[in-house]
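Sequential numbering from 1 along the given sequence is applied to the chain's residues. Order of listing sets the numbers, starting from 1, for every ligand and every atom in it. Just so you know, these numbers use all the heavy atoms, side chains as well, and skip hydrogens, waters and symmetry mates.
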Amino acid sequence: MTTYRAPVRDMNFLLDDVLKIDRLNNLPGFSEAPRDVRNAILSEAARLSEEVLHPLNARGDIDGCTRNSDATVSVPKGFREAFAQLGEGGWIGLSAPTAYGGQGLPNTLSLAVGEMFSSANMALEMFSGLTRGAVAALLVHGSEEQKQRYIPKMLSGQWAGTMNLTEPHSGTDLGMMRTKAAEQGDGSYRITGTKIFISGGEQDMTENIVHLVLARIEGAPAGIKGISLFVVPKRLVNEDGSLGDKNAVSCGSIEHKMGIHGNPTCVLNYEAAIGWLVGRENKGMEAMFVMMNGARMGTGLQALSQSEIAYQNAANYAKERLQGRAIGPAAYPDKPADPIIVHPDVRRTLQGIRAFNEAARALVLFSTLRSDVARRSDDPAVIEAADDYLGLLTPVIKGVLTDKGFASAVSAQQMYGGHGYIVETGAEQFVRDARITMLYEGANGIQALDLVARKLPRHNGRAIRAFLDEMDRFIEENAGQTSLAATMSALRDASSDLKNATASLTQFAMKDPNEAIAGSTDYMHLLGLVALGYMWAMMIKAAQEKIAVGDTSDYLTAKVSTGAFFLDRILPETALHLRRIRAGGKNIIDLPAEAF
Ligand SMILES: Cc1cc2nc3c(=O)[nH]c(=O)nc-3n(C[C@H](O)[C@H](O)[C@H](O)COP(=O)(O)OP(=O)(O)OC[C@H]3O[C@@H](n4cnc5c(N)ncnc54)[C@H](O)[C@@H]3O)c2cc1C
């Protein structure tokens, strides 16, 4: 039996005091969400998470989804009603344009809400996340007619969206994709092929499902350059918007899997299903990347969400479980033993998880705010800087937050001793659910590869130079403040490791790209640590400013102390990553495949 308390206080601190988003109240969307409105939205999302979504989480995990003999798929009890509430309440379309039925609010707010919903019930929130992702791709690349036809019903939760990339022989390497699209001459195509691992590919929650499908138009070039994107509804949509015949797409089976049991992972068979091109011929990857980039940020958020709920429950358990005595005087001499929270190693573990969670939350919101501002700007320099930043940080947020989020869920499970291995306590579900985040949306090795082989060299390293310059400016601006001296010194050391690692990788890449790629996961983690350290420096600064004007809340004291923990004990890991990168790839690459 687990509990969940949405971290509204922490989110408000980030939005109000660290990111100071009220300074943006002149921008569309931000003006509709001043502080009191934001707080009301977050509080209502917290209520929904705690009272509606979380109570369905363990049951959904145990019952899972069922594929019925007529190829329909039933979701766990209660999911249908809860999803309907999310749609009716405007939660799916919180940041979507009002022209299509959205609320038009900042995406930053939507991500904060998404964290809560995902902590409370990751399997259920996945349906919303994928629907939002499909809407995002349609908004950028769909025709006006497609937008009008699909988006309002998706935002209202009447219809859901899916993302169809993977095929049995084509996972990471999408260029090998075989699904075909045959032009019909009336603007439509017939889609034929098999997609696997499609989240929410079939379900009985919504009256229609809008599949976004990658396929190859007959005669298209081989490889990644010959892939196009199609919208293929489960049920065809009549001119007046009503539902027509069932399309020729069916669920062949659902996977039996490690976690997220409440979300069906489907084999979808397309047998000359009717679909329509989204965007331009052979530009499908570009269109799908809108969805994939959002999904990568969302996947980092999912891992944080599991780490957060795992932490909360582990901390509660540590305050209750009586084992052993504190070194020195007993904390509770009247009880047979002290609670395990008295033991330094238990505290170290909990503090490690918490230090990650709070910085990860800050990084997701900080990064999303940049895209929110850029989206509302007509200044090419602002747009370019945000594009560079997000291009660089998206694989880091996906790869690092999911590696660390999963590790944190395991650390939280450790706090229960053997009881953490038992289903009843609930800690193992968080571990199982978090594990997928390292695998899907491009496995983490691919995120590291994307970072080092594509994002780093792009525009001669413009993005990483801008990131390092930003760090230098921030350190310089704050170095004079005595209360921030230790913080800035720790950040300077970490940032210097990142500079040296970037120089090493660049040199390796000139010699042999494999040498640079051998260091890619270390580089991704090094950059991730610096970004998280930067978040801690900003949070410590904001907390100290509030303390200086008389706010003595325990929340702020804990914030500063958790930040100091991160800077002392976690951030110095940058040195280890640098050392590994400098070692090059020789003893990784040289070993022949047969030797493994
Ligand atoms: C529960 C679940 C839900 C999913 N949901 C969806 C969905 O909704 N839609 C969808 O389209 N797909 C979905 N997927 C598929 C998922 O995105 C893929 O499984 C994932 O991208 C990896 O592809 P793969 O499994 O074929 O692994 P492979 O591509 O076979 O990779 C195997 C391993 O090799 C590594 N590797 C491969 N190539 C390289 C390289 N060049 N350099 C370094 N390492 C490499 C990978 O990192 C990985 O560790 C889902 C999968 C699961 C399990």
Side-chain angles (χ1 to χ4, degrees), residues 61 64-65 73 122-123 125-134 137 160-179 193-203 209-215 224 227 229-230 232 249 251 253-268 270 284-285 287-289 291-296 298-299 302-303 306 395 398-399 402-403 406 432-454 513-514 516-524 585 588-589 593 596:
D61 178 55
C65 300
V73 171
M122 178 168 149
E125 174 58 10
M126 276 177 71
F127 292 105
S128 310
L130 284 157
T131 302
R132 270 195 295 274
T162 70
M163 175 169 95
N164 293 237
L165 292 80
T166 310
E167 297 179 10
H169 53 280
S170 165
T172 303
D173 189 353
L174 292 170
M176 295 202 294
M177 183 175 294
R178 287 186 197 142
T179 296
T194 298
K195 294 287 178 182
I196 62 164
F197 293 163
I198 306 308
S199 299
E202 176 57 42
Q203 36 80 1
I209 305 177
V210 180
H211 302 295
L212 288 192
V213 185
L214 287 179
I224 210 85
I227 292 173
L229 181 66
F230 297 87
V232 186
V249 48
C251 173
S253 61
I254 61 173
E255 307 295 343
H256 300 277
K257 56 189 194 285
M258 179 176 175
I260 50 166
H261 292 157
N263 192 285
T265 306
C266 305
V267 171
L268 288 186
Y270 291 86
M285 286 309 294
M288 195 53 124
F289 254 108
M291 187 165 185
M292 279 154 67
N293 278 333
R296 285 177 179 177
T299 306
Q302 284 182 323
Q306 294 313 290
K398 198 291 180 176
T402 60
D403 276 356
F406 172 72
R432 288 186 290 102
D433 285 357
R435 183 66 179 91
I436 187 60
T437 63
M438 297 159 72
L439 297 165
Y440 62 16
E441 289 314 329
N444 284 357
I446 301 304
Q447 304 302 323
L449 181 67
D450 178 44
L451 174 68
V452 167
R454 290 183 57 230
N514 274 318
I517 290 165
S520 57
T521 289
D522 278 299
Y523 187 80
M524 178 177 79
I588 295 176
I589 305 158
F596 284 90

*Give the intermediate values and the outcome of side chain to side chain contact (heavy atoms under 4.5 Å, CB included) for residues Cys251 and Val267.*
CA-CA 6 Å; Cys251 173; Val267 171; 5.9 Å; no
*Could you please spell out the steps behind the side chain to side chain contact (heavy atoms under 4.5 Å, CB included) verdict for Leu130 and Met291?*
CA-CA 8 Å; Leu130 284 157; Met291 187 165 185; 4.1 Å; yes
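The proximity of Thr172 to ligand 1, defined as any non-hydrogen pair under 4.0 Å, involves the side chain as well as the backbone. Residue-level proximity to ligand 1 for Leu439 is carried by the backbone, the only part with a heavy atom below 4.0 angstrom. With a heavy-atom cut-off of 4.0 Å, Leu449 touches ligand 1 through its side chain alone. When heavy-atom distances to ligand 1 are checked against a 4.0 Å cut-off, Glu441 comes that close only through its backbone atoms N, CA, C and O.
Given atom 16 (C) of ligand 1, the protein heavy atom at minimum distance is Tyr440 CB, 3.9 Å. In terms of protein heavy-atom proximity, atom 35 (C) of ligand 1 is nearest to Ile446 CD1, 4.7 Å. Residue, atom and distance of the protein heavy atom nearest to atom 18 (C) of ligand 1 are Thr166 OG1, 4.2 Å. Considering only non-hydrogen protein atoms, atom 24 (P) of ligand 1 sits nearest to Gly171 CA, 4.0 Å. Nearest protein heavy-atom contact of atom 46 (C) of ligand 1 is Ala443 CB, 3.9 Å. Closest protein heavy atom to atom 6 (C) of ligand 1: Phe197 O, 2.6 Å. The protein heavy-atom contact nearest to atom 11 (O) of ligand 1 is Leu165 N, 2.8 Å. Given atom 21 (O) of ligand 1, the protein heavy atom at minimum distance is Gly442 N, 3.8 Å.
Residue Ile436 has at least one heavy-atom neighbour below 4.0 Å for each of these atoms of ligand 1: 1 (C), 2 (C), 52 (C), 53 (C). The contact set between ligand 1 and Met163, taken as ligand atoms under 4.0 Å from a residue heavy atom, comprises 7 (C), 8 (O), 9 (N), 10 (C), 11 (O).
Met258 has its side chain out of reach of Ile436: every pair of non-hydrogen atoms, C-beta onward, lies at least 4.5 Å apart. No side-chain heavy atom of Thr194 sits less than 4.5 Å from a side-chain heavy atom of Arg178. When side chains are defined from C-beta on, Asn444 does not count as touching Thr521, because their heavy atoms never get closer than 4.5 Å. For the pair Asp450/Lys398, no side-chain contact is recorded, criterion being any heavy-atom separation below 4.5 Å from C-beta on. Looking at heavy atoms from C-beta onward, Leu214 lies in side-chain contact with Leu165 at the 4.5 angstrom threshold. In this structure the side chain of Met176 never reaches within 4.5 angstrom of the side chain of Glu167, judged on heavy atoms. Within the 4.5 Å cutoff, the side chain of Lys195 has no heavy atoms near those of the His211 side chain. Looking only at side-chain heavy atoms (C-beta outward), Leu212 and Met163 stay at 4.5 Å or farther from each other.
Every side chain to side chain contact (heavy atoms under 4.5 Å, CB included) that Ser128 has, sequence neighbours left out, goes to Phe83, Leu86, Ile92, Glu125, Arg132.
Remark: atom 33 (C) of ligand 1 lies closer than 4.0 Å to no protein heavy atom. For atom 26 (O) of ligand 1, the nearest protein heavy atom lies under 4.0 Å away. Within 4.0 Å of atom 44 (N) of ligand 1, at least one protein heavy atom is present.
For ligand 1, the polar-atom distance check finds no N/O of Asp173 at less than 3.5 Å from any of the ligand's N/O atoms.
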